[in-house]
Amino acid sequence: MTSGFYARPTLEVARDLIGKVLEHETPGGLASGIIVEAEAYIGEDDPACHAAAGLTARTAPLYGPPGCAYVYFNYGMHFLVNAVTGREGFPAACLIRALEPLDGIALMHDRRGRGRASAVHHDHELCRGPANLTRALGIDLGQNRVSLATSALRIVDRGMVRAPVAWSPRIGIRVGLDRPWRVYVVGNRCVSAARPLSGVAAPAAGPGPSRPAR
DNA sequence: CGTTCGATGCACT
DNA sequence: GTGCATCGAACGT
């Protein structure tokens, strides 16, 4: 995944990130997963994009070169990771919202708090949600602004088959709900449970999440 | 089933 | 001081 992949319209990048693999190599081992859900945040005119507030110390990575990570801290306890897109100087990025775990599943269970009340029980819950996946992969502000092509935190193409996707409004925001800029793999159990704020319509068409009855 | 709400820290007004 | 690109426990029905 060279930087050219990211130097394209953000919605195209979001679609093409689906099926790529996010990896994080740490002293504890390699943890990775297939990207199954992402969201686009595009420009200062997008009210939900952090760049709507302009260039600040926090949002500077969005204005930087495509292909870098934009990691930020939210709600007092969560880290969220984005891939910066578009041309340098134009603030846009794709938020990675969910992964289907591949490598380091035991490590991910440890990081999610194996044995504690907050621990998850199923592998498909490990990376379901943007804060859950950063915790499972050990991503924090130390990875802010790193290159996603050459760093321990990287996105690679493992030749996964192109799964059918659907688009919906983005999750967890109060503005910009008219823009259907969330893309996800239809029917994949690792996609975050959309807990839409009041008034958000159900996702677009498709077979719908197929819960394989146990 | 459904909805509400506390945890928890920081950037920005 | 306010408001988060969240999560999950704790309620209510």
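Within every chain, numbering begins at 1; the chains are lettered A, B, ... in the order of the sequence lines, protein sequences first and strands thereafter. In this text, all values refer to a predicted model and were calculated from it rather than measured experimentally.
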Proximal nucleotide (of dA7(B), dA5(C), dT6(C)) relative to the Met77(A) side chain: dA7(B)

Quiz item: cation-pi between Arg170(A) and Tyr41(A), 6.0 Å / 45°: yes

Atom-pair distance (CZ on Arg174(A); C1' on dA5(C)), nearest Å: 13 Å

Between dT2(C) and dG6(B) - P atom distance, rounded Å: 16 Å

Nearest-Å distance for atom pair CD1/P, residues Ile173(A) and dT6(C): 9 Å

Flag side-chain contact, heavy atom, 4.5 Å: Pro91(A) against Thr59(A): no

Length of the line joining Tyr72(A):OH and dG3(C):P, which is rounded to integer Å: 17 Å

dG8(C) phosphate, OP1 or OP2, under 4.0 Å from Arg112(A) side-chain N/O: yes

Flag, side chain of Arg111(A) to backbone of Leu137(A), donor-acceptor distance under 3.5 Å: yes

Arg154(A)-Ser32(A) side chain donor-acceptor pair, cut-off 3.5 Å: no

Ring-on-base stacking dA5(C) with Tyr41(A) (under 5.5 Å, under 30°): yes

Sugar-phosphate, base or nothing in reach of Ala48(A), heavy atoms under 4.0 Å: base

Nearest-Å distance once atom C1' is located in both dC10(B) and dG8(C): 22 Å

Whole-Å gap separating C1' (dA11(B)) and CG (Leu55(A)): 14 Å

Side-chain atoms of residues 65-77 of chain A: list all donor-acceptor pairs with protein atoms under 3.5 Å, sequence neighbours left out, distances to 0.1 Å.
| residue | atom | partner | partner atom | Å |
| --- | --- | --- | --- | --- |
| Tyr70(A) | OH | His50(A) | ND1 | 2.7 |

Separation between CD1 of Ile96(A) and CG of Leu80(A), rounded to the nearest 0.5 Å: 10.5 Å

Between dG9(B) (P) and Leu141(A) (CG): distance, integer Å: 14 Å

Test: Arg15(A) and Glu12(A) ion pair at under 4.0 Å: no

Quiz item: cation-pi between Arg8(A) and Tyr6(A), 6.0 Å / 45°: no

Sugar-phosphate, base or nothing in reach of Tyr75(A), heavy atoms under 4.0 Å: base

dT6(C) OP1/OP2 closer than 4.0 Å to side-chain N/O of Asn132(A): no

Rounded interatomic separation in angstrom, taking NE2 from His50(A) and P from dT13(B): 13 Å

Distance, rounded to the nearest Å, where Ile171(A) contributes CD1 and dC4(C) contributes C1': 16 Å

dA10(C) and dT8(B), which share atom name P, separated by this distance in whole Å: 14 Å

Strand contacts (DNA chain B) in residues 88-103 of chain A, 4.0 angstrom heavy-atom criterion: none

Identified pairing partner of dA7(B), criterion: Watson-Crick or G-U wobble below 3.5 Å: dT6(C)

C1'-based separation of dG3(C) from dC5(B) [nearest Å]: 16 Å

Integer-rounded Å distance: dT6(C) P and Leu80(A) CG: 6 Å

